[in-house]
Amino acid sequence: MAQTDQNEKLLLLDGNSLAFRAFFALHNSLDRFTNQEGLHTNALYTFSNMLDSLLASEQPTHMLVAFDAGKTTFRTKMFDDYKGTRSKTPAELSEQMPYFNKLLDAYGIAHYQLADYEADDIIGTLAKEANGEMPVVVVTGDRDLTQLTSDNTTVKVTVKGVNDVEAYTPEHLQEKLGLTPTQFIDLKGLMGDNSDNYPGVTKVGEKTALKLLDEYGSMENLYEHVDELKKSKLKENLINDKDQAFLSKQLATINTDAPLTVSLTDTKRQEPDQAALIRFYQQMNFQSKLAKLPQAAGEEASAVKMPEINFTELTKANLEVALAQKMQRSLVIDILGDNYHVETPIGFAFGTPDQWYYSDDLSLLTTAEVTQWLNDPEQEKDVFDSKKTKVLLTRLEVPIENMSFDLLLASYLLDTNDNSNDLGVLAQQYGYTDVQTDLDVYGKGVKRAAPTDYHELGEHLSRKAQAIYQLRPQLLKQLQENDQDQLYDEIEAPLAMVLAQMELAGITIDSQRLKQMQADFSQTLVDIEALIYEDAGHEFNINSPKQLGTVLFEELHLPIIKKNKTGYSTSVEVLEQLQSAHPIIDRILTYRQISKLQSTYINGLLKVIHPDHKVHTRYLQTLTQTGRLSSVDPNLQNIPVRLPEGRKIRQAFVPSHPDWEIFSSDYSQVELRVLAHVSGDENMQAAFKRGFDIHANTAMKIFGLDDPSEVTPDMRRQAKATNFGIVYGISDYGLSKNIGISRKQAATFIAAYFEQYPDVKKYIDDIVALAEKQGYVETIMHRRRYLPEINSKNYNLRSFAERTAMNTPIQGSAADIIKVAMINMQSRLQKENLQAKMLLQVHDELIFEAPTEEIPILEKIVPEVMDSAVSLDIPLVVESGHGKTWYDVKK
DNA sequence: AATTTCACG
DNA sequence: ACGTACGTGAAATTA
């Protein structure tokens, strides 16, 4: 036997199966992946990424990609209907198939197909040949190939998408299914294969087949003893389908003696042909792949580089010429990081495709010429992020009007999934490839900086401006086609300006108050720490779930309630169940609570206070999948309120002037009201129209009570959880876990709920069906969320998509409503000439500061504006409160 | 960079 | 037979 060379390794890929996986991995962005010739490229793109990552992780010296040769094989001769029910390969994939070989040639990787044989047989034959020569790794999307696994061969099967693989060795196969590789074939023989369309034994699926094999070892032995089985349907089926079973087994068996015209030596990897690779990437429009090529090749790539554009430096001398005519222009102002409240721009560019102007001299922005242009409501400005642009210019004390197109906002509305904050990435997705990403030009981490070459900065800024200009018509048209132009024009675009003002206003922090709390908490933490160490018998890091797990479950031997990926779970949920078991638990819970407040809220907030004594959050308007805002740096949408200790943090949020107050209004039960509206459920609508307590009302209904007085607090609590559950896309298991009842009882609740609110049930069923049919769901304002996984065969993915199909129209419509209210509110404050300022939004709540004398006015107009934001079948109810600090705002 | 935990609606 | 609530952001530890 030949000596096994430690360094040699053969990698065999199942080409067709992986091409399929690659195609469907990016199926939802199919139309974004086309090249200049209109060829779809998604499968090729994913496949080439897959190659890169496999080459890096496996480092094979030998490699071959096997493909199926055609429709007919020796198997179809044995069984006419073999793969007979396979649906036709989508045309968008077929057209890509010829290019896989070109790609592999450029990579220097062998590929092979053989008439009458499938890719499996080629792989099996080569794997056998390599036995004793070098180890083999097979990568496929098809679990059937696990029959090839041996001491020499590992079979990696893609789990989801293309990046996750499950590695099958004989040991793993044994562990997972209790089978040897040979028994796997018997498994297929007994159970058949739906996708390959061979039958196996009637009514025998994986479970039954595994049981039989566990008992009898093989199909042959099973049939020798089939008479001994006791009389049953199973026995009958086994006997009747015996021939079918053995035929299926034959079909499932991979032929490891295929008459290949290639051998192991032909699979040796060749040097990649860089020039061919570059040509291929260019033909396919894979800009990101071009960019990642090694240096030498990269230079070659940029030698054939992007088309020319006209850009020149803006100076005092050409300023007047640059802005001479009134016209639509695009404008780009760049900073290196994310925080436009503190960073200084590195440069800007504006103009039209005829001529772009750029500069890093910010003082040019404050010249009369530029200011006049920016401030002219008759001249349209196209930008990438209008809120950011507005804030940066405001900080430079330059007013701006009429940013009529915001590429970032528009693309977010079109598809929340494929949105990106990097213009370069986004432009590429829309097939516009003449612009680099910020990552490419500015770098990342400590190396992030403006290019040393000023000209290069100018080109990048100009190309970005050009991309905005060129994408505008395309995106506006798509918005119109989606019936989303109102959502853009009347909600998101004006909201961006409102948010800019709120962020700029900021909210004042009483840092003395925070520091005082900091000192108190420090002392408390030291005290509890000592007690915990005493309980444990030694010191350890309480903040480390790992160390805490060791102390609780190995040293103190407390019962293990739940595990996670890395070990024992120590979450509140678990600790609460252990509370009675040991005094250390209560102390840990207190420690956790205080240390959370200390690190996230006290220290966290102190870190981000500006010299004006305020924090200026950034609202991310284009992030969430539902249309909500999110808040970062700091997050002001999760300031503690539920527990009394944490709630005190709110005492540090104060008005910016003495004799002013904090004022706040929130919607009462918006999401359930939205549900009542969109479902049209009469019972639920009646409860809201009559002003009932909705949770008590639900309690009466599901517990079958006649009078609200019979509702106990616990019944109301359970009904409330059920109401929430419905909004989240309920399951009996989830509800039972949440309110601590049995699953069966939870199921009864849900059934009673649907009986009492029948149209809610109907709505849930209908919206899922609609999502399956059209691939997306919508809010009342036509905000869209695509759910590509709604028809997935994977139960988890599909279930998740179904729950989001139910939840998104509700959460998203509530977001629509408060956004409208915010826009109306801002103009109302201006119209009434009030000093009051809108400062924060927390999903269903708006927070203001105002001189004390304006509070009575706010008490009238804020609820008025909020409850009239949209007109629903049921009224919207708003509750308000005010006080010296945010803490003192009680409703 | 990933994981765990916990704060909010 | 299977594994579950929806949407977020930040801090700390660990790898």
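Lettering follows sequence order; numbering is per chain, from 1. Just so it is clear, the values below take in all heavy atoms, side chains as well, and ignore hydrogens, waters and symmetry mates.
If you take CG of N543(A) and P of dA12(C), they are 8 Å apart, rounded to a whole angstrom. Spacing between atom CD1 of I649(A) and atom P of dA10(C) amounts to 16 Å, rounded to whole angstrom units. Whole-Å rounding puts the N417(A) CG to dG7(C) P distance at 11 Å. Distance CG (L675(A)) to P (dA5(C)): 21 Å, rounded to an integer number of Å. The distance between atom CD1 of I764(A) and atom P of dC6(C), rounded to the nearest whole Å, is 13 Å. A straight line from CG of L735(A) to P of dC6(C) spans 14 Å, rounded to a whole angstrom. Atom pair Q598(A):CD and dA10(C):C1' shows a separation of 15 Å (rounding to whole Å applied).
By the 4.0 Å N-to-carboxylate-O rule, K388(A) lies too far from E343(A) to be salt-bridged with it. At a threshold of 4.0 Å, the pair R717(A)-D714(A) counts as salt-bridged, since one of the basic side-chain nitrogens sits closer than that to a carboxylate oxygen. Using a cutoff of 4.0 Å between basic side-chain nitrogens and carboxylate oxygens, E503(A) and K387(A) are scored as salt-bridged. With respect to D681(A) and K761(A), no salt bridge is recorded, no charged nitrogen being found less than 4.0 Å from a carboxylate O. Taking a cutoff of 4.0 Å between a charged side-chain nitrogen and a carboxylate oxygen, E671(A) and R628(A) qualify as a salt bridge.
Taking side-chain N and O atoms only, S630(A) has a distance below 4.0 Å to OP1 or OP2 of dG9(C). OP1 or OP2 of dT14(C) sits under 4.0 Å from a side-chain N or O of Q547(A). Distances shorter than 4.0 Å separate some side-chain N or O of K546(A) from OP1 or OP2 on dA15(C).
The cationic group of R784(A) lies under 6.0 Å from the six-membered ring centre of Y776(A) and within 45° of the ring axis, placing it in a cation-pi geometry.
The environment of NZ in K565(A) is sparse: at most 12 heavy-atom neighbours from other residues, nucleotides or ligands sit within 6.0 Å.
For F800(A) and N796(A), each mapped to the nucleotide of DNA chain C holding its nearest heavy atom, the one lying further toward the 5' end belongs to N796(A).
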A correct 5'-to-3' footprint of nucleotides 4-9 of chain B, with B, S and - meaning base, sugar-phosphate only and no protein heavy atom under 4.0 Å, is SSBBBB
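Side-chain atoms of T804(A) lie closest to dG7(C) of the nucleotides dT14(C), dG7(C), dA5(C).
Using a 4.0 Å heavy-atom distance criterion, S731(A) is classed as a base contact.
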